[in-house]
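Take a look at the structure set out below.
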Amino acid sequence: VSFALAGCMDDGSGGGTQTLDLSKSGTAGTAGKVDASGTSAEEEYSEEESSEEEYSEEEGSEEEYSEEEGSEEEYSEEEEGSEEESEEESEEEGIDGETEEEESYTYTGEFAAVEGTTLSSPRIRFQAALLDDGSVLIMGGYKSVALSSTDFYDASAGAFSAGPAMVTARVNHAAQKLNDGRILVTGGMSTTTSSTSTKYYKTTEIFDPDTSSFAAVANMGINRAFHTSTLLSSGKVLMVGGISAKDTYNSTSETYAPDDNKFSTTSALSIKRAFHAASLLQDGKVLVTGGVSASSGTSATYEDSMELYDPAGPSFSKLAAMYAARAYHTATVLKDGRVLIAGGKTTGGTYLTSAEIYDPATLATTALESTLPENRAYHTATLLADGTVLLAGGATLSDSGTASFPDTGIIFDPETETFASEGISMTTPRVYHQAVPLAAGPVLLMGGSYDGTSSNGALDSGELFQ
């Protein structure tokens with residue numbers, strides 16, 4: 001199965017241009033439930049193995065490296081000395097002597113290019129993680145071949161630099177920061193073309209910032225690509241679902257214990273799924289949403305189901321269905337503990353404008369009245385320091401089934417539960433990219449493709465949302 005972005009331009013691999021002839025509107029899924037059993041004959045899941053652009057990894061994921069800003073500065077000076085000092089202290093503390101919080105990072109709502117510096121290679125379908133020192137590690141991906149190369153982004157200098165090579169060249173893999181600051185890299189594929197000769201990996205490796213190097217660690221129980229990787233409150237990492245071989249989806253999950261360097265099988269999902277999202281909730285449980293449960297040839301089954309992983313069991317429990325079946329969506333944990341589930345693709349290959357919010361108190365979602373300004377999938381979603389969410393890049397689909405790549409960002413305001421995009425323009429369209437919130441507040445977007453291809457459109461540039 002070849003997982004090419006519907007409507008992409010020819011990538012130079014000889015596969016030709018793929019277009020979709022869809023009659024459904026891109027605004028489907030704004031109300032009511034969507035049947036998860038339907039399939040699309042002109043989906044990513046085509047049998048054309050000459051196409052280079054196949055699988056797409058949900059990035060929703062999840063925004064796993066988000067850090068809240070706004071440190072609290074206390075003024076504890078004693079009321080001694082001159083009247084002037086006393087007045088200054090009064091202004092700082094307020095009438096009741098209560099301390100005031102320093103305001104968090106203030107966003108201008110604009111994107112700015114990272115000037116004078118680029119990645120060591122253009123890359124798509126890679127992973128990126130924020131390190132403890134405030135820099136960003138960018139790992140693997142694809143540019144004509146799978147990449148083992150990495151890059152660093154130095155936030156203080158505003159510059160990219162080449163990093164150490166990974167043990168294995170990987171694409172469509174997962175990466176998760178551990179509590180000790182190291183980065184666990186799991187699974188992936190040897191190429192973006194799914195065929196009987198494609199290698200799917202169970203191998204894993206860890207980046208150690210102290211030595212600035214990668215080292216192989218224990219293998220997972222099975223091969224996984226397009227799985228999710230979530231850091232649990234215990235410090236273990238939960239791997240869920242994914243694809244293990246051509247057209248082979250799985251419902252298994254396993255945990256990695258860093259102290260023991262050991263993977264252990266845990267509870268299974270109720271269904272097989274990949275291209276889903278997994279979100280760590282504030283109570284330590286993990287919400288798994290949507291995805292694709294099966295594909296064969298040109299057909300695929302999208303899911304509206306949700307499951308909740310409880311590490312105490314450990315066990316998965318099935319929840320009420322979402323309002324729309326969706327994959328390639330994002331699921332972002334808000335500051336109040338709810339989860340914003342936005343966009344994605346659904347049955348028939350339609351791209352969604354709809355969004356819904358999961359409430360841990362009710363174990364269910366509520367459909368939002370406000371919708372995305374345009375249908376969108378393959379985008380990133382990042383929780384900002386002020387509590388809003390930035391959705392950036394991705395792809396949109398016309399009524400005629402042609403994909404295009406917007407250069408706009410969208411802001412979701414949890415207080416008003418509305419989306420807005422007016423005046424928020426990126427420096428370039430990006431799909432199959434990554435977005436990482438920096439410690440100071442801005443969001444770094446890097447890599448990806450401006451036209452959905454890896455040969456001609458792959459990007460080595462970066463930009464900052466400020």
Kindly say whether [Y] contributes a backbone atom to a donor-acceptor pair with the side chain of [X] at under 3.5 angstrom?
X    : Y    : value
S449 : D451 : yes
T203 : N219 : no
Q434 : F126 : yes

Tell me every residue that passes ring-ring contact (aromatic ring centres under 6.0 Å, His included) with [X], counting only those two or more places apart in sequence or in another chain.
X    : value
F465 : Y107, F111
F419 : F412
F214 : F207

Test side chain to side chain contact (heavy atoms under 4.5 Å, CB included) on Q127 and V185 and set out the steps.
CA-CA 9 Å; Q127 287 294 317; V185 181; over 6 Å; no
Evaluate the criterion salt bridge (charged side-chain N to carboxylate O under 4.0 Å, His left out) for residue pair R326 and E356; output intermediate values, then yes/no.
CA-CA 11 Å; R326 60 181 87 223; E356 47 196 296; 2.9 Å; yes
Which residues pass the side chain to side chain donor-acceptor pair (under 3.5 Å) test with [X], sequence neighbours left out?
X    : result
D133 : S135
R338 : D336, E417
D310 : none
S213 : T211

Set out, in order, the CA-CA distance, both residues' side-chain angles and the distance that settles side chain to side chain contact (heavy atoms under 4.5 Å, CB included) for R123 and I138, then state yes or no.
CA-CA 10 Å; R123 62 183 80 224; I138 300 144; 3.8 Å; yes
Could you pull out all residues at least two apart from [X] that satisfy side chain to side chain contact (heavy atoms under 4.5 Å, CB included)?
X    : value
S233 : none
D259 : none
N261 : V217, A218, Y256
A112 : Q466

Given N250, which of R273, R224, H227, K272 fulfils the side-chain hydrogen bond (donor to acceptor under 3.5 Å, both in side chains) condition?
R224
According to salt bridge (charged side-chain N to carboxylate O under 4.0 Å, His left out), who are the partners of D180, at least two apart in sequence or on a separate chain?
R182
